[in-house]
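Taking it in order: structure first as structure tokens, then the write-up.
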Amino acid sequence: MKISAISIFTIAACTLAQANIKGTVLDESGAPIHNANATIRVLPDLLAKARVLTNDKGDFLFDNATLNIAKKASKKQEQSIVIHKTGFLPETLSVSSSNKNYGNITLKRDPIENKIDTLMANMSIEDMIAQMTQAKAPATSCGGKICGSALEGGGAYTADFYINAWKQKIPVTYGKDNVHGVADVSGATIFPHNIGLGATRDSTLVRKIGQAVAEEMWAAHIDLNFAPAITVPQDERWGRVYEGFGETTELAVSLGAAFVRGQQGDHNDAEWRVITTLKHFIGDGATDKGFDRGNAKITNKVLHEKYLPPYEAAIEQGSMSVMASFNQVNGIHQHVDSALLTGILKTELGFDGYVIADWEGIESSTTPGAAGDYSPGLVTGISSKDAIRNAINAGIDLAMVPQSAEAFVKSMKELVSSGAISEERVKDAVRRILRAKIRAGRIDNPNGPSAYVGITNNIGSAEHRKLAREAVQKSLVILKNKKALPLATDGKIFVTGSHANNTGLQCGAWTKSWQGGTDEIPGATSIQAGFDEVAKGTRVETAEEAGTIVYVIGETPYAEWFGDFRGDDFDNKIINKIDGKVSFRTTDSDISQIKSWQASGHKVVVVLITGRPLPITSLINAADAFVVAWLPGSEGAGIADVLFGKVKPSGKLPHTWPKNAKQIPINVGDGKKGLFPYGFGLTY
Ligand code: BGC
Ligand code: BGC
């Protein structure tokens with residue numbers, strides 16, 4: 001891919017005056033550095049305002065575009081140009097005028113590179129290939145060598161994995177999807193899924209959650225997180241909507257970066273830092289009809305304006321891993337998209353960490369669009385060997401191959417010895433993986449930060465649960481309130497419905513199992529139990545005794561494509577997964593139940609547990625008050641806190657709420673008028 005000059009935000013050329021900021025970037029020997037990026041920043045904004053790459057003579061040039069930026073930025077904001085190239089220390093230049101020639105700018109080699117050299121000095125090609133392989137824990141052998149990494153999927157956790165893994169000269173990282181807590185570890189704090197955090201609009205809170213999750217990770221000996229998802233979900237039919245913070249770029253930028261800051265520290269230097277993984281690169285939330293793993297049609301402009309900024313912000317914050325996505329962009333599967341992985345992510349954005357494949361994602365690139373998993377061991381086939389060649393050459397550095405690690409290693413050896421994959425590419429991949437391990441402190445301190453490692457008291461600690469409860473309080477969005485809320489603490493309240501007293505349902509998927517379910521979550525407080533905690537004595541056991549009825553219903557848990565709505569017949573319906581099969585139930589029975597309660601003089605407050613906005617207008621119309629609780633996690637008492645008015649409601653919709661299924665997809669700025677706009681939320 002040829003990149004000459006790219007502006008991150010397309011800025012109309014300014015004709016008023018001529019801007020001309022230029023310079024030449026050299027290394028310490030005086031040789032020009034090609035493809036270094038020069039980025040104009042306006043502090044304190046994390047996002048670049050304009051970016052260009054150096055040509056093969058090391059020259060960069062900003063022209064008219066920058067003038068506009070200078071004009072847009074208020075006088076008090078400090079502007080700077082950061083010159084960056086993987087392997088070198090960045091240089092920051094201050095910008096005083098729109099006409100300046102900086103002359104020669106010398107980048108110094110980053111001392112971390114010497115450390116990498118030392119680690120790699122005695123590595124054979126076989127060692128390097130093993131370093132590029134992520135097997136399924138507890139396995140750590142990759143072709144007889146020690147793998148670079150291991151993972152376990154949703155539901156699995158090996159408590160003593162670290163004992164052998166951390167003894168290695170280069171520790172084997174252990175990756176898990178701690179997407180809302182260390183959720184496969186018994187007794188962990190389960191935070192709301194990201195969609196709920198999006199409703200809080202509170203980046204300070206999300207930063208604290210990032211730290212709390214890192215502390216619980218170290219307590220459980222997990223040093224690699226497959227989080228945060230910084231997707232920008234556009235279609236409510238997608239089964240992974242709840243994994244993202246919301247439908248706007250702005251939410252993914254601010255909350256994604258905040259989560260990374262919490263997990264790694266302000267400058268990736270916190271003692272408790274873990275490796276975060278930004279996912280899924282890119283366009284996972286933009287697929288046609290919201291099909292999981294489908295195709296996203298994205299123009300270059302929309303890519304830069306809508307989907308890249310969250311990556312830019314989180315990488316700027318120090319995230320060292322990016323996960324390639326199962327979807328295609330303009331027909332190209334993201335595991336083999338060299339223009340995006342190498343061209344945009346590694347070159348244009350200057351990302352110097354590693355790109356990890358998704359679960360058998362390299363293999364899946366041979367059947368783009370197929371939802372579902374792939375048979376074990378398939379990677380030995382010819383087409384899969386091609387897929388490996390294409391993916392590694394496109395820019396995948398670490399292969400997540402839980403079902404085919406040995407086959408991957410075997411194919412890699414053949415591909416490298418035939419020259420189909422260059423040794424140079426292998427070395428670059430390994431450098432990236434080691435850079436991440438060094439920055440995360442895994443090489444200098446293989447046993448992890450002693451203040452946090454194995455401190456089981458941190459798992460589900462009172463402090464973390466308090467934080468999760470605050471997140472629940474702030475995430476609740478009140479869509480409707482006809483004098484039914486706040487509840488009176490001396491009233492008689494009947495708390496009922498399928499989701500009232502089931503902690504599995506309120507946590508959703510990626511909790512104790514991949515798909516989630518109805519099993520109770522150890523240490524969690526149900527919504528009903530929360531009422532007893534917050535307003536003891538108000539809860540009654542029958543509708544007859546009650547004044548107000550709190551009716552807690554919602555979606556049953558699902559992960560990935562299991563949650564897709566395919567077809568269009570889901571108006572006034574709620575997803576209801578039975579025995580692994582997705583089906584829908586209508587809300588008719590809920591509506592008649594509500595009406596019969598109302599007919600006998602009760603007020604009915606509906607609390608909805610959901611991973612997305614649902615086109616259930618008739619149900620909303622029927623209720624006296626309607627509260628969206630998203631997937632709140634383990635601290636069910638946060639709901640009673642708000643319903644009783646002990647905490648003021650403040651949550652705001654992270655998605656536009658559709659009137660009916662026909663309106664979907666519906667997003668800010670598309671001209672459609674939903675039932676409730678993005679940002680809506682009542683208070684009292
Ligand atoms: C999924 C993973 C999941 C795992 C659980 C796989 O099929 O793709 O995301 O963690 O199953 O075993
Ligand atoms: C999912 C990823 C996850 C991985 C590991 C995949 O199926 O798409 O989000 O990190 O599994 O469990």
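Whatever order the structure lists ligands and atoms in, that order sets their numbers, starting from 1.
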Classify the ring geometry of [X] against [Y]: parallel below 30°, tilted from 30° to 60°, perpendicular beyond 60°.
X      : Y      : result
Trp510 : Trp514 : perpendicular
Trp272 : Tyr452 : perpendicular
Phe570 : Phe584 : parallel
Tyr162 : His221 : parallel
Tyr174 : Tyr157 : parallel

Q: Would you kindly specify which portion of Trp514 sits under 4.0 Å from ligand 2, judged on non-hydrogen atoms: side chain, backbone, both or neither?
A: neither
Q: Just let me know how Glu152 lines up against ligand 2, side chain, backbone, both or neither, with a heavy-atom cut-off below 4.0 Å.
A: neither
Q) Would you say ligand 2 has an N or O under 3.5 Å from any N or O of His280? A) yes
Q: Could you tell me whether Asp177 and ligand 2 have an N or O pair separated by under 3.5 Å?
A: yes
(Q) Within the structure, is a non-hydrogen atom of Arg240 found at a distance of less than 4.0 Å from ligand 2? (A) yes
Can you sort out which atoms of ligand 2 are near [X], meaning under 4.0 Å from one of its heavy atoms?
X      : result
Asp358 : 1 (C), 2 (C), 3 (C), 4 (C), 6 (C), 7 (O), 8 (O), 11 (O)
Phe226 : 10 (O)
Lys279 : 2 (C), 3 (C), 9 (O), 10 (O)

(Q) Quick check on Lys289: does its NZ atom have over 12 non-hydrogen neighbours (other residues, nucleotides or ligands) under 6.0 Å away? (A) no
